[in-house]
Amino acid sequence: MLPWFRNSFPLYLAPMAGVSDKIFRQLCKEHGADVLTTEFVSGEGIFRRNERTREYLDFDEIERPIGVQLFGADADHMAEAAKQVVDWVQPDFVDLNFGCPVNKVVSKNGGSALLKDCPTLASVANAVVRAITPLPTTAKIRIGWDADSVNAVRVARILADAGIAALTVHGRTRAQGYSGAADWNVIGEVAAAVSIPVIGNGDLSTAADVAKRRRETGIAGAMIGRAAMSAPWIFRETKVYLANGATVDPPTLDERWKLILRHCQLIVGEWGAEEPAIRSMRARLMAYSKSMPEAKRLREKFSQVSTIAEVKTIAEENISQEIRNAGKEVPVFVAA
């Protein structure tokens with residue numbers, strides 16, 4: 001068994017394209033995420049030694065345990081790509097993406113397309129497991145291609161037989177994309193059908209959501225995605241709630257802004273160029289605004305920011321307005 005499942009219920013940060021970069025992963029780790037995974041990486045890109053693809057593999061030691069997620073449908077190329085990844089960066093595991101619903105991935109028979117092609121899915125899983133053993137191979141799937149072909153239990157058994165060490169199940173079909181409700185009944189059926197750890201994913205917005213799904217389905221761990229984008233502290237809140245049922249006070253508005261500004265500063269340091277780095281943060285800043293006062297107005301402002309100074313000005317205005325609304329004296333805001 002993977003060591004992070006021993007006497008534990010690990011919380012995973014979902015690998016999200018354009019979101020789960022090194023900086024965000026590390027912020028989530030600080031807030032209690034147990035297991036991290038890179039943004040998904042093209043197995044073909046690795047196989048062909050594409051330098052830009054290789055950049056997605058970058059991580060720091062403090063992120064362990066961390067896995068590299070690969071997608072692709074050519075078993076031989078995926079096996080060779082996995083070996084190259086292990087040689088280059090020594091991750092703690094390699095994760096196979098059989099769930100991505102994005103057209104540019106599916107059109108190349110990658111991601112969730114393989115849910116319709118179980119022989120190819122099995123050959124990819126078998127090839128990668130053989131190529132990198134004893135390093136573990138894990139996988140992520142959706143419950144099926146569409147409502148008429150929900151086959152997660154069958155796929156899970158195929159993957160377990162191939163030697164997959166743990167399986168994440170997102171409770172939607174490919175056809176659903178990210179809309180509609182996740183089907184946790186199917187996730188529970190998968191958890192009951194295989195002996196390997198099953199990690200549940202989908203509509204986990206609060207600590208109470210995680211506790212409820214753990215209780216109802218027997219999952220061995222939980223993967224949190226979109227909720228972490230607006231509230232990275234959800235991992236810490238969930239750990240406390242699972243341990244003793246206690247509710248943790250969310251960060252104050254001041255604390256949230258300090259986290260946001262730190263995120264911006266770290267991204268600028270990573271990129272080495274302020275304006276493109278902050279422009280790349282616009283969507284991330286909009287996600288942070290979800291749990292903040294004046295969220296709509298914040299989103300409008302965030303859509304145009306290009307410098308840390310602009311973000312800091314927005315922070316000062318937001319905090320000052322909230323304090324005025326509460327009838328208190330306005331202090332000078334100082335970012336961490």
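On a predicted model such as this, the values are computed, not experimentally measured, just so you know. Just so you know, these numbers use all the heavy atoms, side chains as well, and skip hydrogens, waters and symmetry mates.
The two residues Ile164 and Ala139 have their closest heavy-atom pair at CG2-N, 3.8 Å. Annotation for Ala125 and Leu96: closest pair CA-CD1, 3.8 Å, computed over non-hydrogen atoms. Glu322 and Pro293 make their closest contact through OE1-CB, 3.3 Å (heavy atoms, listed as atom of the first residue, atom of the second, distance). Here the shortest heavy-atom pairing between Ala73 and Leu114 reads CB-CD2, 4.1 Å. Contact between Gly45 and Thr53 at its shortest, heavy atoms only, is CA-OG1, 3.7 Å. Taking all atoms of both residues into account, the shortest heavy-atom contact from Val240 to Asn244 is O-OD1, 2.9 Å.
Counting non-hydrogen atoms of other residues, nucleotides and ligands closer than 6.0 Å to CZ of Arg297 gives a total of 12 or fewer. Summarising the local packing, CZ of Arg154 is surrounded by 12 or fewer heavy atoms from other residues, nucleotides or ligands at distances under 6.0 Å.
Under the 3.5 Å distance criterion, the side-chain polar atoms of Glu270 are left unmatched by any main-chain donor or acceptor of Ile267. Panel note: side chain Ser320, backbone Glu317; no donor-acceptor pair is recorded below 3.5 Å. Between the side chain of Gln176 and the backbone N or O of Thr173, at least one donor-acceptor pair lies under 3.5 Å. Between the Lys212 side chain and the Ala207 main chain, no donor and acceptor come within less than 3.5 Å of each other.
Under a cutoff of 6.0 Å and an axis angle of 45°, Arg284 and Phe24 form a cation-pi pair. A cation-pi contact, defined as under 6.0 Å to the ring centre and within 45° of the axis, is absent between Arg172 and Tyr178.
Pro197 places none of its side-chain heavy atoms less than 4.5 Å from the side chain of Leu167. Contact check for Thr217 versus Glu189: no side-chain heavy atoms found under the 4.5 Å cut-off. The shortest distance between side-chain heavy atoms of Thr238 and Val210 falls below 4.5 Å. Two residues are said to be in side-chain contact when any heavy atoms from C-beta on lie closer than 4.5 Å; Val305 and Lys301 fail this criterion.
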Please assess Glu63 against Lys22 for the test salt bridge (charged side-chain N to carboxylate O under 4.0 Å, His left out), listing each intermediate value before the final yes or no. CA-CA 8 Å; Glu63 297 179 61; Lys22 182 168 73 171; 5.9 Å; no
Where do Met16 and Glu39 land on the side-chain contact (heavy atoms from CB on, under 4.5 Å) test, with the steps shown first? CA-CA 6 Å; Met16 296 175 282; Glu39 300 174 67; over 6 Å; no
Step-by-step salt bridge (charged side-chain N to carboxylate O under 4.0 Å, His left out) determination, Glu300 to Lys296: CA-CA 7 Å; Glu300 292 171 357; Lys296 183 178 179 182; 5.0 Å; no
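One finds the NE2 atom of His263 at 4.0 Å from the CE atom of Met281 (value rounded to the nearest 0.5 Å). Remark: Leu159 CG to Ile196 CD1 distance equals 7.0 Å, nearest 0.5 Å. Atom-to-atom distance recorded for Arg25:CZ and Ser20:OG is 7.5 Å, nearest 0.5 angstrom. Put simply, CD on Glu80 and CG on Asp76 are 9.5 Å apart, with the number rounded to the nearest 0.5 Å. Between atom CD1 of residue Ile219 and atom CZ of residue Phe9 there is a gap of 4.0 Å, rounded to the nearest 0.5 Å. The OG atom of Ser112 sits 11.5 Å away from the CZ atom of Phe71 when rounded to the nearest 0.5 Å.
Salt bridge status for Asp254 with Lys258: present, with a side-chain N to carboxylate O gap under 4.0 Å. The pair Lys239-Asp34 meets the salt-bridge criterion, since a charged nitrogen lies less than 4.0 angstrom from a carboxylate oxygen.
There is a side-chain donor-acceptor pair under 3.5 Å between Asp60 and Gln26.
Cluster membership for Val106 and Leu70, using ILVMFWY side-chain heavy atoms within less than 4.5 angstrom, is not shared. Val248 and Tyr241 are members of different hydrophobic clusters when ILVMFWY side chains are connected at heavy-atom separations under 4.5 Å. Put simply, Val150 and Trp184 are part of the same group of oily side chains (I, L, V, M, F, W, Y) that touch within less than 4.5 Å, one to the next. Leu57 and Phe47 fall into different hydrophobic clusters, where Ile, Leu, Val, Met, Phe, Trp and Tyr are joined by side-chain heavy atoms under 4.5 Å apart, directly or via other members.
Looking at Asn185, Val155, Val190, Val186 one by one, the single match for side-chain contact (heavy atoms from CB on, under 4.5 Å) with Ile143 turns out to be Val186.
The side-chain hydrogen bond (donor to acceptor under 3.5 Å, both in side chains) contacts involving residues 124-149 comprise Asp95-Thr138, Lys140-Asn201, Asp146-Ser149, where partners must be two or more places apart or lie in separate chains.
Through direct or relayed side-chain contacts under 4.5 Å between Ile, Leu, Val, Met, Phe, Trp and Tyr, Met1 connects to Leu2, Trp4, Phe5, Tyr12, Val35, Phe93, Ile199, Met223.
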